[in-house]
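Fair warning: this is a prediction, and the values are worked out from it, not measured in the lab. Convention: sequence-line order gives letters A, B, ...; per-chain numbering from 1.
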Amino acid sequence: MRWSQFYLFTTREVPRDAEVISHQLMVRSGMLKKLAAGIYTMMPMGQRSMAKLEAIVRRELDRSGALEVTMPTIQPAELWQESDRWSVYGKELLRIQDRHGRDFCYAPTAEEVITDAVRHDIRSYKQLPVSLYQIQTKFRDEIRPRFGLMRGREFLMKDAYSFHADADSLDQTYRAMHDAYCAILEACGLEYKVVDADTGNIGGKDSNEFMVLAETGESEIVSCECGYAANTEKAVTGELPSAPPLAAEEVAIEKVETPDLKAVPEVADFLDIEPSQMLKLMIYTSETEEPVAVAVRGDREINEIKLARLLGVDHPVLADDALVERVTGAPTGFAGPVGLSGVRFLVDRSAAALMSFACGANEVDAHFRFARWGRDADPGEVVDVLLADAGDPCPECDGTLQKTRGIETGHIFKLGTKYSENMSCNFLDAEGNDQPMIMGCYGLGIGRTVAAAIEQNHDDSGIVWPGPLAPFSVLLISLNPQDEEVVAATDELYGQLRNTGLEVLYDDRAERAGVKFNDADLIGIPVRVVVGKRGLKEGKIELSRRIDREKHLVDRADVVEKVVELSS
RNA sequence: CGGGGCGUAGCUCAGCCUGGUAGAGCGCACGGUUCGGGACCGUGAGGCCGGAGGUUCAAAUCCUCUCGCCCCGACCA
């Protein structure tokens, strides 16, 4: 492709609304254009990279045994009412009406539609399992779209769904999808981790996320050398090293005046103890639940996602001051387990392990110290609602957890029968019994993965494409487009390179060398071939790879062979 | 939705406080000199100053309302 015939306009300035590097570089390199918040046009350059990834995804999914379909993006409300998600999904679901006033939504995902299709076709266990996938536009009316393709509202996603007669079959397909996702990310040359994940509102039990590691990632991951890795939303830890008890067993509980001291660090400082020797008590509530009291060790945080799962609610929220006062009898900041009653009481393992601790006295400006479970306070229900942190013990070995950040490019779930039951997607088993199919679902963000690839592969000058995602594999530059000899030589080379099957972008523009070099660095094509008057005089052509930018002067006769070598 | 910020040329921004005929750089067009790491000189096109209302002799500038966009939080491929 000749640049002069292509549609590619780079910019020097960073667009004001682009915050993260992948977004900035995609806009500057002419890949992406914003239309509205979280809604983008893929320009030809971007489209090519997306297509590269799509091809890899198709190859690996086909290999896993899944079959490609295309489902509508506009879906009737009835199906969503049947699965119960019409009411559950909330504002993220873009709801629309047709001219007759019938309700539809723009698909954020396609469990309903695929389940509807399968339930009409499949009757028998002999027809199972099946895996179907599509690469299709989705729309989620995110509360806050941001970071370009990393969190758009409209986005391209590969979504796959599998249907099974039994759990073993689901396990097999889940494993195959897991392996396909690994193969895809490896084929793209990305550094990633597979982590245990929370299932969110898609539902189901087992779940893994595929995190491309990047500092700008929105997800926090803890991991251990032994291979354990989890989203911090989900992560469990080994037993924490215990904090030294405040006092020996015979020391009685004692009330201390703590005027205006509310936060744990302040109180700990005042009492001259460590925050880990205190107990932190928070009051949570939600739309559906009665208030609950949740205790965690003073130096730690509560994982609200774990809490939500435990309570079976969507969003636990911290109680406001009035509710705290009603539950504990004291203003916010002085809650404690001693004398607490009339409320469900959850105690995180970290707090349950405390031998003798300080805590709020449920009384304004007062805390207790030397409190003990059993003797002074009801031990409550011991649970795990701890937010894992770096340095915590690994739950699976003697190691220590590390914390990193990642971009969630893929997420796979074992759904179970949640949708098949609601939507009567049944089959007859070998005994002739009607049973709901067991399902899995598997998502991979196409645009997000391309953006993640840039986050992981760039330098100060621009993108450094991993070969498989590069929009072109070779950039051929003629440095002196006004010089007939140079043009003739470059034209000839262009033909030869194309004959090898390489995708060549030929910069034939009447621009100065500096402009071309800077654009080359910006758009990040892996191999650069420079034809200039100077080199040509010696019969040489300059080759370099974007990744190291080391220049090699090569005899004209050897160029094609050498380019093929560098491109592989 | 809560908190913060921004809308002026295709892009990045100045001008607004203290009202008086709309600016710069980049980009674009034309001419010339240049030409292996974002050249230089000259000429030129390009604006309903986000929109509506108000105050005023006069509004980009002051006031009210509105729409859009960005950042921080809850959400997620």
Q: Give one of base, sugar-phosphate or nothing for A:Ala520, where a contact means two heavy atoms less than 4.0 Å apart.
A: nothing
Q: May I ask you to check whether A:Phe210 and A:His178 place their ring centers less than 6.0 Å from one another?
A: yes
Q) For the pair made of CD1 in A:Ile305 and C1' in B:C76, what is the distance, rounded to whole Å? A) 11 Å
Q: Scan A:Gly148 against the nucleic acid and name what it touches under 4.0 Å (heavy atoms): base, sugar-phosphate only, or nothing.
A: nothing
Q.
Could you tell me how far B:U66 sits from B:A29 if I compare only their C1' atoms? Round to whole Å.
A. 39 Å
Q. Contact class for A:Tyr181 vs. all strands (heavy atom < 4.0 Å): base, sugar-phosphate, or nothing?
A. nothing
**Q.** Atom pair OG (A:Ser22) and CD (A:Gln24), whose distance is rounded to the nearest 0.5 Å
**A.** 8.5 Å
Q) Within the structure shown, what part of the strands sits under 4.0 Å from A:Gly535 by heavy-atom distance: base, sugar-phosphate, or nothing? A) base
Q | Nearest-Å distance for atom pair CZ/P, residues A:Arg12 and B:C13 | A | 15 Å
Q) Does A:Arg95 make a cation-pi contact with A:Trp80, if we ask for NZ or CZ under 6.0 Å from the ring centre and within 45° of the axis? A) no
Q: Return the value, rounded to whole Å, for the distance between atom NZ of A:Lys138 and atom C1' of B:C75.
A: 18 Å
**Q.** Pairwise C1' distance for B:G51 and B:A60, with rounding to whole Å
**A.** 14 Å
Q.
Would you say A:Arg151 places a side-chain N or O within less than 4.0 Å of OP1 or OP2 belonging to B:C71?
A. no
Q) Is the centre of the A:Phe9 ring less than 6.0 Å from the centre of the A:Tyr7 ring? A) yes
Using atom names, set out every protein N or O paired with an N or O of nucleotides 1-10 of chain B below 3.5 Å, distance rounded to 0.1 Å.
from, atom 1, to, atom 2, distance (Å)
B:C6, O2', A:Arg16, NH1, 3.0

Q) Less than 6.0 Å separating the ring centroids of A:Phe472 and A:Phe6? A) yes
(Q) For a quick check of understanding: with a heavy-atom distance under 4.0 Å over all strands, which category does A:Lys33 fall into, base, sugar-phosphate or nothing? (A) nothing
Q) Touch check for A:Asn518, heavy atoms < 4.0 angstrom, all strands: base, sugar-phosphate only, or nothing? A) base
Q. B:G27, B:U12, B:A77: which one has an atom nearest the side-chain heavy atoms of A:Pro15?
A. B:U12
**Q.** Whole-Å gap separating C1' (B:C35) and CG (A:Leu479)
**A.** 10 Å
Q.
Base, sugar-phosphate or nothing for A:Asn480? Non-hydrogen atoms, less than 4.0 Å.
A. sugar-phosphate
(Q) When you measure from the centre of the six-membered ring of A:Tyr40, is the NZ or CZ of A:Lys34 closer than 6.0 Å and no more than 45° off the axis? (A) no
Q) For A:Arg509, which contact category applies under a 4.0 Å heavy-atom criterion: base, sugar-phosphate, or nothing? A) nothing
Q: Considering only NZ, NE, NH1 and NH2 on the basic side and carboxylate oxygens on the acidic side, decide whether A:Arg175 and A:Asp171 come within less than 4.0 Å.
A: no
Are any protein N/O atoms closer than 3.5 Å to N/O atoms in nucleotides 29-34 of chain B? If there are, list each pair with its distance.
from, atom 1, to, atom 2, distance (Å)
B:U34, O2, A:Arg512, NH1, 2.6

(Q) Need one value for A:Arg153: base, sugar-phosphate or nothing, where a base atom within 4.0 Å counts as base even if backbone is also close, heavy atoms only. (A) nothing
Q: Quick one: label A:Lys158 by what it contacts on the DNA or RNA (base, sugar-phosphate, nothing), any heavy atom closer than 4.0 Å.
A: nothing
Q | Spatial distance of atom CG (A:Leu386) from atom CG (A:Asp348) [nearest 0.5 Å] | A | 5.0 Å
Q | Verify stack between A:Phe517 ring and B:G38 base, 5.5 Å, 30 degrees | A | no
Q.
What's A:Gly532 touching, base or sugar-phosphate or nothing? Going by heavy atoms closer than 4.0 Å.
A. base
